[in-house]
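A short write-up of the structure that comes next.
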Amino acid sequence: MDTSYIQVTPIKQSKINTVDFNNLAFGTVFSDYMFECDFKNGEWQNPVIKPYGPISLEPSARVFHYGQAVFEGMKAYKDENEDIFLFRPDQNFKRINQSAERLAMPAFPEKFFFDGLKKLLHLEKDWIKKGVGNSLYIRPFVIATQPAISASPANEYKFMIILSPAQSYYAGEVQVIFAEKYSRSANGGVGFAKAAGNYAAQFYPTKLANEKGYQQIIWTDANTHEYLEEAGTMNIFFRIGDKLITAPNNDRILDGVTRKSIIHLAEDNNIDVEVRRVSVAEIKEAARNGELKEIFGSGTAAVINPIVGFGHGGEDFKLPKIEQSYASFFKEKLLNIQYNISEDPYHWRVKI
Ligand SMILES: *Cc1c(COP(=O)(O)O)cnc(C)c1O
């Protein structure tokens, strides 16, 4: 792999010694370098690595006015031998371009994506700490930079990758509310894309939910609010008896890498998994008769996030505490693959 064509502007001094790696608030500390590449005159050009820092954009840059922006979320992991791994990075590459296409943005070239990412991670390898739970969160994103405020797609863009060291993520006891009024996404919309605006649109309803004592919202279908779809940054699984259930992908739901990996692991471990619509009524009924054993979210940041209870229609339901949860089973399986502790028959782990 020859990445010498990617010019590196060196930093004067690393800030790594100023960082307390045992006390990281997720997504608030950034590494020394960032990757940048511009789209101009119809092509992606000038991929460079430079010191992490402010970028200069005109106030008329379209991203500020129309939210033409997409992103990804990945992680780099280190094993005991200091080797560095990614988890299914081909999926993130594919998905950022699916998101970009939906927002009328140009596809980013595979070579630049992986060369830039690998070169950046090798430069920043000291920011990836050993130990299960420690990782370097990777945030690739694309923004419309063309200075023009007519409401149409831009002809200039910037692709960047920034890195943020992360510890294992514990969200505390998560109590959720099933959405009855607001929606995250609609048929024919952009819910399946990691489009920046999807997240801004959730902040207000989530704030209202927080005020009522719920940490997150489980979004329901926008038409009827009868079917459970996903959380704001996580896909969602339900366990009724010993059966695992998750909603099928559609244009309202993000096709999570963690979700599809869990479905695969379930099938390979003789866990009965159903990918089908899940109704609010079914889950409330299962909670009432004691059949509802678990609800958990899945996503790159938290891996698996167990949920302790939910609210709907003015009623609150508590989930039982169980000994052998699916949540901890899948979390361990995934972490063992990600940190090169176990075999990886699926070739999900990619050494870089
Ligand atoms: C990123 C994201 C997920 C999780 O996807 P992973 O690929 O597993 O990280 C789920 N839902 C939404 C809305 C997301 O943005």
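Order of listing sets the numbers, starting from 1, for every ligand and every atom in it.
Side-chain atoms of Asp221 come within 3.5 Å of backbone atoms of Tyr227 as a donor-acceptor pair (strictly under, hydrogens ignored). Between the Ser325 side chain and the Ile322 main chain, no donor and acceptor come within less than 3.5 Å of each other. A donor-acceptor pair under 3.5 Å is formed between the side chain of His65 and the backbone N or O of Pro59.
Scanning the protein heavy atoms around atom 15 (O) of ligand 1, the nearest turns out to be Tyr199 OH, 2.4 Å. Nearest to atom 11 (N) of ligand 1 among the protein's heavy atoms is Glu230 OE1, 2.6 Å. Given atom 9 (O) of ligand 1, the protein heavy atom at minimum distance is Thr300 OG1, 2.6 Å. Here the protein heavy atom with the shortest distance to atom 13 (C) of ligand 1 is Gly232 O, 3.1 Å.
Of the N or O atoms in Gly256, none lie within a sub-3.5 Å distance of an N or O in ligand 1. Residue Arg95 has at least one N or O atom closer than 3.5 Å to an N or O atom of ligand 1.
Between Tyr77 and Phe85, the ring centre distance reaches or exceeds 6.0 Å.
Closest heavy-atom approach to atom 4 (C) of ligand 1 among the candidates Thr258, Ile262, Thr233: Thr233. If you check each of Lys194, Gln202, Lys75 against atom 2 (C) of ligand 1, the one with the closest non-hydrogen atom is Lys194.
In summary, Lys125 and Glu82 do not engage in a salt bridge, as defined by a charged side-chain N under 4.0 Å from a carboxylate O. Ion pair Glu282/Arg276 flagged as a salt bridge, since at least one NZ, NE, NH1 or NH2 atom sits closer than 4.0 Å to an Asp/Glu carboxylate oxygen.
Residue Tyr204 shares its hydrophobic cluster (ILVMFWY side chains chained together at separations under 4.5 Å) with Ile177, Tyr182, Leu208, Tyr214, Ile217, Trp219.
For ligand 1, the atoms closer than 4.0 angstrom to any heavy atom of Val257 are 6 (P), 7 (O), 8 (O).
Ligand 1 is never approached by Met74 to a heavy-atom distance shorter than 4.0 Å. Within the 4.0 Å heavy-atom cutoff, Arg184 counts among the residues contacting ligand 1.
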Sequence neighbours left out, cut at 3.5 Å: what donor-acceptor pairs do the side chains of residues 100-110 make with other protein atoms?
| unit_1 | atom_1 | unit_2 | atom_2 | d |
| --- | --- | --- | --- | --- |
| Arg102 | NE | Gly189 | O | 3.3 |
| Arg102 | NH2 | Gly188 | O | 3.1 |

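Contact annotation for Gln91 and ligand 1: no heavy atom of the residue comes within less than 4.0 Å of the ligand.
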